[in-house]
Undergrad: 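Quick one: structure below, then a few questions.
Both ligands and their constituent atoms are indexed starting at 1 by order of listing.
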Amino acid sequence: MLKGKRIILGISGGIAAYKSPLIIRLLKQKGASVQVVCTQNALKFVTLPVLETLSENSVYLDVFPKNRAYSTEHISITDNADAMLVAPATGNVIGKFASGIADDALSTTFMAFDKPVFIAPAMNTKMWLSPIVQRNVKMLSELKHILIGPGEGDLACGYAGAGRMSEPQEIVDSLEAFFSSKSLSGKKVLVTAGPTFEKIDPVRYIGNFSSGKMGYAIASVLASRGAEVVLVSGPVSIAADPKVELIATESAMQMHQACLKQFPKCDAAIMAAAVADFRPADFSNKKLKKENTDSLTIKLEKNPDILAELGSKKKKGQIVIGFALETDNEVENARKKLNNKKADLIVLNSLNDAGSGFMHNTNSIVLVDRTGKPIKYPLMSKTEAAAIVVDALEALLNVKK
Ligand code: CTP
């Protein structure tokens, strides 16, 4: 899908620039050609010979080169490209893009670029979370630029948290998904993602560790293949793909209501949310106080099982895919869920697999369907796992590629 595509790779001056050569290699391996545009500061982290050798191209660095009388390279290179990828994109460069500052090779190229732009931010957590950077990122998303990450993890500055550039493979996967065939155009898919929070009192809730990453990755892959996607999400701290319609919910009851409303209009549903099975039977309007008591019992009542309801009562020809998160008798329990909830496919996650499940950027999945043996996939990025789930959905929908 990237074969023959011409990609401008913008590199700005952050420590993650040391990974940019790998992005060039991966793009070239997929058959794309790469034109690097970088800031002067990027060259403090990666060298020109490396970038030029791997891209097999000269690097565009200087708007006013000494050996030429005039230069409009920032315009001409944009004419000859299919997409622009900025990785890493520092807080400074994101700020320039968002506010229309064009004062070097990278920012002038961005301003002149009228085709898809992918931005992979990388910076310290405190910078990433600063209201100004968040505002700028939101503005770029609203302008339909495509954000990739950032992920969470250890940062070069010694901090840990959000701000780490997505891995080169994930970045290249996102571009590939974008250029993949629009096999799901005309289809509408409901996706649930994230945890649900069940309120105990105005300040406390019962929740779980779901990050929403798997469901959000599925929504994004579906959208990249041309599906209309409605993403019903519990509370998460990640951004949804701008191509997706996001319905934000908090509790299982709210998620249930939203799904019942959307499902009849959909061709399929992929239920990746970690829905709380129970909610407190009584919500206290006032904060519960600890005085005069040494223990506290909270009575819980059952939440509706959204997947089971869609699969066994509401389904009118739609394909329904569920998830199963298990710690023991994994395949057997997944099969039970497949049958009890009348799903067409269960995507099994085992918490016993290192790197799988909540919070991780990777997942190792097993597909359990009605026809044959469970299919186990190796540990991979959640974007890659999402592509496998969407491939399986396409097969169930009999989509022609
Ligand atoms: N699910 C749902 N509504 C619920 C509970 C689960 O829609 N109230 C969906 C999840 O989105 C997932 C599947 O059912 O697709 C399985 O969820 P999981 O938590 O693994 O299983 P449960 O059915 O909750 O059973 P248990 O917790 O006992 O394993």
Undergrad: What distance separates K314 NZ from C266 SG, expressed to the nearest 0.5 Å?
TA: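 Reported value, rounded in 0.5 Å steps: 14.5 Å.
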Undergrad: Non-hydrogen atoms of A274 versus ligand 1: any pair closer than 4.0 Å?
TA: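 No heavy atom of A274 comes that close to ligand 1.
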Undergrad: Using a plain distance cutoff, I'd like to know if M271 has any nitrogen or oxygen under 3.5 Å from a nitrogen or oxygen of ligand 1.
TA: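 Yes; at least one N/O pair falls below 3.5 Å.
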Undergrad: Is any N or O atom of I306, backbone or side chain, closer than 3.5 Å to an N or O atom of ligand 1?
TA: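 Min N/O separation from ligand 1 is below 3.5 Å for I306.
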Undergrad: Hey, is P304 one of the residues with a heavy atom under 4.0 angstrom from ligand 1?
TA: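 The answer is yes, since P304 has a heavy atom less than 4.0 Å from ligand 1.
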Undergrad: With atoms numbered from 1 as shown, which atoms in ligand 1 lie under 4.0 angstrom from a non-hydrogen atom of G322?
TA: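 Per the distance check, 15 (O).
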Undergrad: Examine the side chains of D241 and S220 and answer whether a donor and an acceptor come within less than 3.5 Å of each other.
TA: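 On atom types as modelled, these side chains qualify, holding a pair under 3.5 Å.
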Undergrad: Please check if any side-chain donor atom of R279 sits under 3.5 Å from a side-chain acceptor atom of N303, or the reverse.
TA: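 Checked: R279/N303 side chains pair up, N/O donor to acceptor below 3.5 Å.
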Undergrad: Any atoms of ligand 1 less than 4.0 Å from a non-hydrogen atom of A273? List them with their elements.
TA: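 Numbered from 1, ligand 1 contributes 10 (C), 11 (O).
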Undergrad: Salt-bridged, D305 to K341, with N to O below 4.0 Å?
TA: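 Result for this pair is yes, salt bridge flagged.
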Undergrad: Identify whether the distance between the nearest side-chain nitrogen and carboxylate oxygen of K382 and E170 falls below 4.0 Å.
TA: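 No, no charged N to carboxylate O under 4.0 Å.
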Undergrad: Counting neighbours of NZ on K265 that are heavy atoms of other residues, nucleotides or ligands and sit closer than 6.0 Å, is the number greater than 12?
TA: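 Correct, the count exceeds 12.
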Undergrad: Quick one: does L325 get a heavy atom under 4.0 Å from ligand 1?
TA: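 Yes; L325 lies near enough to ligand 1 that a heavy-atom distance drops under 4.0 Å.
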Undergrad: With a 4.0 Å cut-off, would you call K96 and D103 a salt bridge?
TA: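 D103 and K96: salt-bridged.
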Undergrad: Who gets closest to atom 23 (O) of ligand 1 by heavy atom: R279, K337, K341?
TA: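 The residue whose heavy atom sits nearest atom 23 (O) of ligand 1 is K341.
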Undergrad: How does D305 reach ligand 1, if at all, at less than 4.0 Å between non-hydrogen atoms: by side chain, backbone, both, or neither?
TA: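 Both backbone and side chain.
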Undergrad: Identify whether NZ of Lys or CZ of Arg in K182 sits under 6.0 Å from the centre of the six-membered ring of F178 and within 45° of that ring's axis.
TA: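 The answer is yes, since K182 meets both limits relative to F178.
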Undergrad: Is the shortest distance from a Lys or Arg side-chain nitrogen in D201 or K289 to a carboxylate oxygen in the other one below 4.0 Å?
TA: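 No, no charged N to carboxylate O under 4.0 Å.
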Undergrad: Would you say ligand 1 has an N or O under 3.5 Å from any N or O of T192?
TA: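 No, since none of the N or O atoms of T192 sits under 3.5 Å from an N or O of ligand 1.
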Undergrad: Applying a strict 4.0 Å limit to heavy atoms, is A252 in contact with ligand 1?
TA: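 The answer is no, since A252 has no heavy atom less than 4.0 Å from ligand 1.
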Undergrad: Which of the atoms of ligand 1 are close to A324, meaning less than 4.0 Å from one of its heavy atoms?
TA: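 Reading through ligand 1 atom by atom, the close ones are 20 (O).
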Undergrad: Can you classify the ring geometry of F97 versus F110 as parallel (below 30°), tilted (30 to 60°) or perpendicular (above 60°)?
TA: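 F97 and F110: parallel rings.
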Undergrad: Does any N or O atom in V275 lie less than 3.5 angstrom from one in ligand 1, N or O only?
TA: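 No.
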Undergrad: Identify, by atom number and element, the atoms of ligand 1 in contact range of L307, meaning under 4.0 Å from any of its heavy atoms.
TA: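 Those qualifying, in numeric order: 2 (C), 7 (O), 9 (C), 13 (C), 14 (O), 15 (O).
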Undergrad: Looking at ligand 1, would M255 count as a contact under a 4.0 Å heavy-atom criterion?
TA: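 M255 does not count as a contact of ligand 1 under the 4.0 Å cut-off.
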